[in-house]
Amino acid sequence: MADISALQRARYAYKPKLPAALRDEPANIAVEFGGATKAERDEAELQKLFAKTYGKPAAVFKKGSNPGAGTKLAVGVVLSGGQAPGGHNVVAGLFDGLKKGNKDSRLFGFLNGPTGLVNADYAELTGGIIDAYRNTGGFDIIGSGRTKIETKEQIAASVATAEKLGLDAVVIVGGDDSNTNAALLAEHFAGAGIRTRVVGVPKTIDGDLKSEQIEISFGFDTATKTYAELIGNLERDTNSSKKYWHFVKLMGRSASHIALECALQTHPHVCLISEEVEAKQMTLAHIVSDIATVVARRAERGENFGVALIPEGLVEFVPEIKRLIAELNDAMAKHAAAFDELSGFEAKEAWLEKNLSAPSLATFKSIPGAIAAQFLADRDPHGNVQVSRIDTEKLLALAVEQKLGEMKRAGAYKGNFSAYTHFFGYEGRCAFPSNFDADYCYSLGFTAFMLVASGLTGYLSSVRNLAAPAEQWTAGGIPLTALMNMEKRHGEQKPVIKKALVALDGKPFKAFAAARGDWALTTSYVFPGPVQYFGPSEVCDQPTLTLKLERGA
Ligand code: FBP
């Protein structure tokens with residue numbers, strides 16, 4: 001066996017906890033249904049688009065009889081989108097469920113994301129393979145990818161793969177876009193008259209695949225705890241040396257759930273929440289002035305150090321930058337060939353003079369060159385700017401330094417400002433899953449098996465009551481169409497799962513808003529330390545503060 005760390009060896013032996021309802025033999029776990037569900041909005045359009053799968057009832061597993069659970073099954077699994085800690089345990093939970101139902105059932109892993117399903121690129125996952133990945137981070141058991149299955153050819157190829165392998169089901173582990181894809185695939189499979197069911201599993205460290213029935217997506221717990229450890233370490237360092245401000249950008253494509261959770265865990269002086277910036281229409285100048293004021297007031301107390309947290313997606317929520325990005329996306333898509341021929345930043349800047357409105361051009365020119373160039377970098381497969389590649393933390397640190405210079409000249413600031421910038425993102429996506437994520441993911445995978453074994457399609461695996469100990473969790477499925485609405489994407493109305501942004505009237509934001517005034521000025525850091533896997537439950541098994549505030553008693 002290849003060299004492995006002592007922790008990895010110890011984690012192999014960890015037995016994830018299942019909800020009490022899933023601990024029996026599958027044949028003794030019955031599925032019970034609630035009433036029919038409906039989409040939050042745009043019911044009529046969605047009903048038409050999902051004629052075969054719309055409006056099914058929510059399902060929950062209880063003690064009882066499930067005669068179909070012993071059927072021999074063939075199931076394929078796809079890991080889709082960005083990595084999130086716990087993905088391997090979803091696969092392990094699904095595998096163990098399948099084998100518990102019938103030892104001859106088989107699990108196929110589609111390689112490198114949805115393209116594996118389209119191209120019939122797969123590997124059979126056996127017990128030996130699964131055992132080498134239990135309770136570990138990463139998606140490397142089969143790889144992941146961001147391909148969308150949307151063209152007629154891709155759908156026909158997916159149907160052909162399902163038929164070739166005689167699949168009873170495909171389980172798609174992904175975020176809002178991937179599960180939108182899962183819903184469409186379920187509908188297409190049903191329309192093609194094949195028996196293959198489709199079940200989704202809610203994944204993303206961003207925490208924005210969430211609803212009344214989906215309390216949190218997996219990976220958010222471990223990723224935020226990993227970042228909070230690093231932020232706490234920076235806080236302790238700066239509280240010791242007392243000479244630096246640290247500007248930390250935190251991953252999260254759009255929503256600020258990660259930044260908010262990390263702030264609740266570590267009490268920084270500043271934490272921007274993109275959703276609030278948008279609601280208050282705060283300009284870049286406004287944001288910079290607010291941060292500089294905190295720096296200056298701390299300097300008056302003799303504290304020339306601190307920590308500021310910045311959500312990755314911020315730039316898309318600042319009104320004038322949002323407008324700039326929209327104009328850039330448009331111009332770069334419309335004149336793609338002409339734009340691609342331009343070489344060098346100056347040529348591109350000159351081109352923008354003709355293709356941007358005057359206010360957007362002024363915004364572009366106000367951004368330091370090296371960072372402005374990042375706004376012109378390649379778009380993602382959906383045509384969006386890749387916010388993880390924009391150094392917003394550097395942009396803000398530079399702008400704050402400039403503002404403090406002005407304030408110094410006006411006699412309004414007498415301190416010293418020296419800033420370091422950081423980006424915490426990839427560091428947290430493949431960490432060893434926390435006990436919470438290890439248990440939650442295993443339960444989600446096992447629940448996906450139970451949904452498949454119960455003959456359901458177009459459902460999202462749902463494990464709830466997560467603020468309580470695992471034994472008290474409940475398991476079931478939510479029809480994917482219940483999470484959908486119609487949204488404009490690239491000029492067309494499309495059915496999509498609604499992204500859950502930070503609710504400004506929600507308990508986590510309110511708790512933060514009530515405390516941030518104190519945290520801004522006083523040094524009131526909290527040091528969470530590294531994720532603990534072995535030890536007392538109050539240290540090792542706690543869910544995030546977001547989950548406790550939203551779902552706790
Ligand atoms: P998912 O929504 O697919 O889970 O990915 C989220 C994310 O980790 C974001 O936080 C980040 O902006 C993005 O992926 C980075 O994408 P990539 O892995 O392609 O660099």
Side-chain angles (χ1 to χ4, degrees), residues 78-88 90 112-115 137-140 142-149 172-182 200-211 214 216-228 230 248-262 273-275 309-317 325 374-375 377-393 422-431 433 437 440-441 444 460 483 489 496-502 544 546:
V78 180
L79 298 176
S80 182
Q83 285 74 252
H88 288 159
V90 173
N112 305 317
T115 40
F139 277 9
D140 42 326
I142 49 175
S144 179
R146 288 195 182 279
T147 308
K148 254 185 155 183
I149 302 179
I172 297 185
V173 181
D176 52 338
D177 282 338
S178 310
N179 275 298
T180 294
N181 242 252
V201 174
K203 169 238 73 168
T204 178
I205 62 161
D206 293 3
D208 57 5
L209 175 48
K210 175 151 92 161
S211 69
I214 303 298
I216 191 62
S217 52
F218 79 77
F220 178 76
D221 187 90
T222 312
T224 52
K225 285 173 179 163
T226 306
Y227 306 142
L230 299 175
V248 184
K249 182 175 77 170
L250 291 162
M251 224 175 213
R253 176 80 188 72
S254 293
S256 304
H257 297 292
I258 291 179
L260 178 56
E261 171 64 24
C262 289
I273 300 297
S274 304
E275 292 82 346
L309 304 185
I310 299 141
E312 178 184 69
L314 180 73
V315 287
E316 290 196 306
F317 290 78
I325 292 174
Q374 295 164 351
F375 283 80
D378 290 344
R379 275 26 195 173
D380 72 9
H382 308 284
N384 299 317
V385 66
Q386 301 191 55
V387 282
S388 61
R389 298 200 182 177
I390 295 182
D391 294 334
T392 317
E393 69 287 14
H422 313 263
F423 170 34
F424 297 155
Y426 299 97
E427 294 83 347
R429 295 203 311 183
C430 286
D437 268 332
Y440 182 39
C441 290
L444 285 169
L460 188 61
L483 304 172
R489 296 280 164 95
V496 292
I497 291 180
K498 204 166 175 285
K499 227 184 231 315
L501 300 179
V502 168
T544 58
T546 302

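Source: prediction; values computed, not measured. In listed order, ligands and their atoms are each counted from 1.
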In ligand 1, which numbered atoms sit nearer than 4.0 Å to a non-hydrogen atom of [X]?
X    : result
K203 : 1 (P), 3 (O), 4 (O)
R253 : 9 (C), 10 (O), 12 (O)
G81  : 3 (O)

message: For ligand 1 and R429, I'd like to know whether there is a polar contact (N/O to N/O, distance under 3.5 Å).
response: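 Checking ligand 1 against R429, an N or O pair does fall under 3.5 Å apart.
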message: For the 3.5 Å polar cut-off, considering only N or O atoms, please tell me whether D206 and ligand 1 meet it.
response: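 Between D206 and ligand 1 (N or O atoms, distance only) the closest approach is under 3.5 Å.
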With a 4.0 Å heavy-atom cut-off (strictly under), which part of [X] contacts ligand 1: side chain, backbone, both or neither?
X    : value
T204 : both
E312 : side chain
Y426 : side chain

Would you confirm whether [X], through its side chain, and [Y], through its main-chain N or O, come within 3.5 Å as a donor-acceptor pair?
X    : Y    : value
E316 : L314 : no
E275 : L501 : no
H88  : D140 : yes

message: Among all protein heavy atoms in this structure, tell me which lies nearest to atom 19 (O) of ligand 1, with the distance rounded to 0.1 Å.
response: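 The closest heavy atom on the protein side is R146 NE, 3.2 Å.
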task: Could you find the nearest protein heavy atom to atom 3 (O) of ligand 1 and give me its residue, atom name and distance?
output: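 Scanning the protein heavy atoms, the shortest distance from atom 3 (O) of ligand 1 goes to G82 N, 2.8 Å.
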query: Between D176 and K499, is there a side-chain N and carboxylate O pair less than 4.0 Å apart?
result: yes
task: May I ask you to check whether T204 and S217 show a side-chain donor-acceptor distance below 3.5 Å?
output: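 No.
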